[in-house]
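Accompanying notes for the structure given below.
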Amino acid sequence: MRAATTFAALTAAAALLFAVTGAGADSEDPAAVGAQETGPRHQLLGSWKAGRRGKLVMRESRGRVSGRVSRTLRIGGCRVPRRVALFRSLRFVRRELQSDVWVGRLALPDADRDCRRRTVSVRVRVSSDLRVRALYRDEGRRRTLRMRRVRPRVHAGDPVLGTWERRGAGITVRRRDDAYVGVARDAFLLSNNCTVSAGTVVWRLRPSAPERYDGAVQTFLPPPTCDPGTPSDSRWRLESEDELVREAPDGSITEYTRAAE
């Protein structure tokens, strides 16, 4: 359920967008630029809103994903109560353009049979960590169930908190109100020859899904001013308890390891 990306070193003019890619804690890994993965790039696990008021939770077990209703929802005029496993045995099959495609079974309530459930094939398209469409056929007609992510809450026990190191420098992620910030533990040099001072906020992120975060990386203008530039969108994902990957818009990645306490 992982994704990939990083910032590329650009010319001084482009440093307005990608200045935080220098030879320090926030520099890119040239070997990983453009790296491709064969697995899913988006996160399917976690909580989703379905319909007007319904919710369900996607969980993985033994390589398959199931989606169980956590707040009653309605499909085709029928009520689907809590605890019902609506999605069953979902498995990832391929990437399709910018989406991940999963296939499995859907416990579809049948309005013509007193809303008793019957199992039909379903194709789930995950277009981002925040959007999902479930496509199925009901009596020969194509149907779509759209779902929106329920973002995890910011909390003191989030595994992203702590200090993440790269090339000897570190960025410390702390909780601040309803988000997280990444602060430079050490001064480090950027590719545009500006130095980021220790204590500078260089990341701003919030949870988007389990083990996923989105936000922005602070950029800096070229010398002589080295003033803060326009923040650049970025995403982060936890590969493991001790490995964090930052994703840049160009499809490259930057990897960090957790600092020993």
To the nearest 0.5 Å, tell me how far D158 CG sits from L205 CG.
8.5 Å
Where do Q43 and V126 come nearest, in terms of heavy atoms and distance?
O-CG1, 4.2 Å
Per-pair distances, 0.1 Å, donor-acceptor, side chain in residues 46-53, under 3.5 Å, sequence neighbours excluded:
from	atom 1	to	atom 2	distance (Å)
W48	NE1	L44	O	2.9

Does atom CZ of R148 have more than 12 heavy-atom neighbours, drawn from other residues, nucleotides or ligands, at distances under 6.0 Å?
no
Ion pair R166/E255, N-O distance below 4.0 Å:
no
How about CZ on R123, more than 12 heavy atoms from neighbouring residues, nucleotides or ligands closer than 6.0 Å, or not?
no
Just wondering, more than 12 heavy atoms not from D227 lying within 6.0 Å of its CG?
yes
Should we count CZ of R113 as having more than 12 external heavy atoms under 6.0 Å?
yes
My understanding is that a hydrophobic cluster links ILVMFWY residues whose side chain heavy atoms are under 4.5 Å apart, including indirect links. Using that, what else belongs to the cluster containing V103?
V93, V101
For E96, does the CD atom sit with more than 12 other heavy atoms under 6.0 Å from it, leaving out its own atoms?
yes
Between D110 and R116, is the closest basic N to carboxylate O distance under 4.0 Å?
no
Kindly give the heavy-atom pair with the smallest separation between F92 and D100, and that separation in Å.
CE1-CB, 3.8 Å
If two hydrophobic side chains count as joined below 4.5 Å and joins carry through other members, does V57 share a cluster with F87?
no
Checking side-chain contact (heavy atoms from CB on, under 4.5 Å) for the pair R88/S66: CA distance, chi angles, key distance, verdict?
CA-CA 5 Å; R88 302 172 182 174; S66 63; 5.5 Å; no
Y213 with V154, same ILVMFWY side-chain cluster at under 4.5 Å
yes
Show your reasoning for whether salt bridge (Lys or Arg N to Asp or Glu O under 4.0 Å) applies to R204 and D214.
CA-CA 8 Å; R204 299 181 187 275; D214 58 19; over 6 Å; no
Identified ring pair (Phe, Tyr, Trp, His ring centres under 6.0 Å) counterpart of Y256 within the set W164, W236, W203
W203
Can you find a side-chain donor-acceptor pair between R235 and S208 that sits under 3.5 Å?
no
Taking every heavy atom of G168 against every heavy atom of D186, the minimum-distance pair comes out as O-OD2, 4.1 Å
Determine the minimum heavy-atom distance between R258 and P159, stating which atoms define it.
NH2-O, 2.6 Å
Before accepting this row, confirm whether a basic side-chain N of the pair R206/D177 lies closer than 4.0 Å to the acidic partner's carboxylate O.
no
